[in-house]
Amino acid sequence: MARSILSGLLLLVACAPAAPPVPAADPAADEAAVRSTYERFTAAWNVGDAAAIAAFYTPAAVRIPPDSAMVSGADALMSGLTTFFGANQYTLDEAPIDDVQVSGDLAVVRGSWRDTAVPRAGGEASQSQGRWLTVWRRQADGNWKITLEMWSMPAMG
């Protein structure tokens, strides 16, 4: 009896349709798509559009800011962005990409940044700079979204 069940399962597996082939990767096209998406992402930062920025992240994305609590998930991310832009006029002065590494449906992107934030309630502008690292994941629709982000700022003093 066990043999006939095993034989039946093997026959079922052997007759099952094969999974469709995975399309061949095009690393150059993937890198170009990530870079293009990143350009739109930085443009959204410069207009202070929290909803547009949040749309560049996966629903379960994680942000790891320096010296602060980790932010996880779309609601927490949106809340933090809304609070930040409500309190500050922000300009991402520069944030060039230094490197993009694509492997399948993941891309690791790193660079540096310099920004200026002016408190809306008044006060001195503050400038910051540092390095950043993001992990992007290709979505089912082919678009790239950030799933993990972290950045650092040099120690002051």
Could you tell me which non-hydrogen atom of [X] sits nearest to which non-hydrogen atom of [Y], and how far apart they are?
X	Y	answer
Ala107	Val34	CB-CG2, 3.9 Å
Pro119	Ala117	CD-O, 3.9 Å
Ser72	Ala60	OG-O, 4.4 Å
Tyr90	Phe85	CB-CE2, 3.8 Å
Gly104	Asp30	O-OD2, 4.3 Å
Trp132	Ala95	CZ2-O, 4.1 Å

Worksheet item: With hydrophobic residues grouped by side-chain heavy-atom distances under 4.5 Å, do Val118 and Phe84 end up in a single group?
Response: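 Unlinked, Val118 and Phe84 end up in two clusters.
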Decide whether Ile146 and Met78 are clustered together by the hydrophobic rule: side chain heavy atoms of Ile, Leu, Val, Met, Phe, Trp, Tyr closer than 4.5 Å, transitively.
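Unlinked, Ile146 and Met78 end up in two clusters.
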N-O pairing of Arg131 and Asp98 below 4.0 Å: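 Judged by the 4.0 Å cut-off on N to carboxylate O distance, Arg131 and Asp98 do not form a salt bridge.
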Name all residues meeting the side chain to side chain donor-acceptor pair (under 3.5 Å) criterion together with [X]; count only those two or more places apart in sequence or in a different chain, and write none if there are none.
X	answer
Asp93	Thr116
Thr37	Arg40
Arg110	none

Among all residues two or more places apart in sequence or in another chain, which pass the salt bridge (Lys or Arg N to Asp or Glu O under 4.0 Å) test with Asp75?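 Residues passing salt bridge (Lys or Arg N to Asp or Glu O under 4.0 Å) with Asp75: none at all.
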Measure the shortest side-chain to side-chain distance between [X] and [Y] over non-hydrogen atoms and say whether it is less than 4.5 angstrom.
X	Y	result
Asp115	Gln129	no
Val102	Trp144	yes
Trp136	Thr147	no

Look up atom [atom1] in [X] and atom [atom2] in [Y], then write down how far apart they are to the nearest 0.5 Å.
X	Y	atom1	atom2	answer
Glu94	Arg114	CD	CZ	4.0 Å
Tyr57	Leu81	OH	CG	6.5 Å
Thr58	Leu77	OG1	CG	9.5 Å

Name the atoms and distances for all side-chain donor-acceptor pairs under 3.5 Å in residues 42-49, with sequence neighbours left out.
from, atom 1, to, atom 2, distance (Å)
Thr42, OG1, Tyr38, O, 3.4
Thr42, OG1, Glu39, O, 3.0
Asn46, OD1, Leu92, N, 2.5
Asn46, ND2, Leu92, O, 3.4
Asp49, OD1, Ala51, N, 3.3
Asp49, OD1, Ala52, N, 3.0

If we ignore hydrogens and angles and just use 3.5 Å, is the side chain of [X] paired with the main-chain N or O of [Y] as donor and acceptor?
X	Y	value
Gln139	Arg137	yes
Thr83	Ser79	yes
Arg63	Glu149	no

- Query: Are Lys145 and Phe41 close enough, and set up right, to give a side chain to side chain contact (heavy atoms under 4.5 Å, CB included), and what steps lead you there?
  - Reply: CA-CA 10 Å; Lys145 291 194 175 194; Phe41 174 69; over 6 Å; no
Residues sharing Val62's hydrophobic cluster, by side-chain heavy-atom contacts under 4.5 Å among ILVMFWY, directly or via others?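 Direct or chained contacts put Val62 with Ile64, Met70, Leu106, Val108, Leu133, Val135, Leu148, Met150.
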* Assess whether atom CG of Asp141 is packed by more than 12 heavy atoms of other residues, nucleotides or ligands within 6.0 Å. =>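 More than 12 heavy atoms, drawn from other residues, nucleotides or ligands, come within 6.0 Å of this atom.
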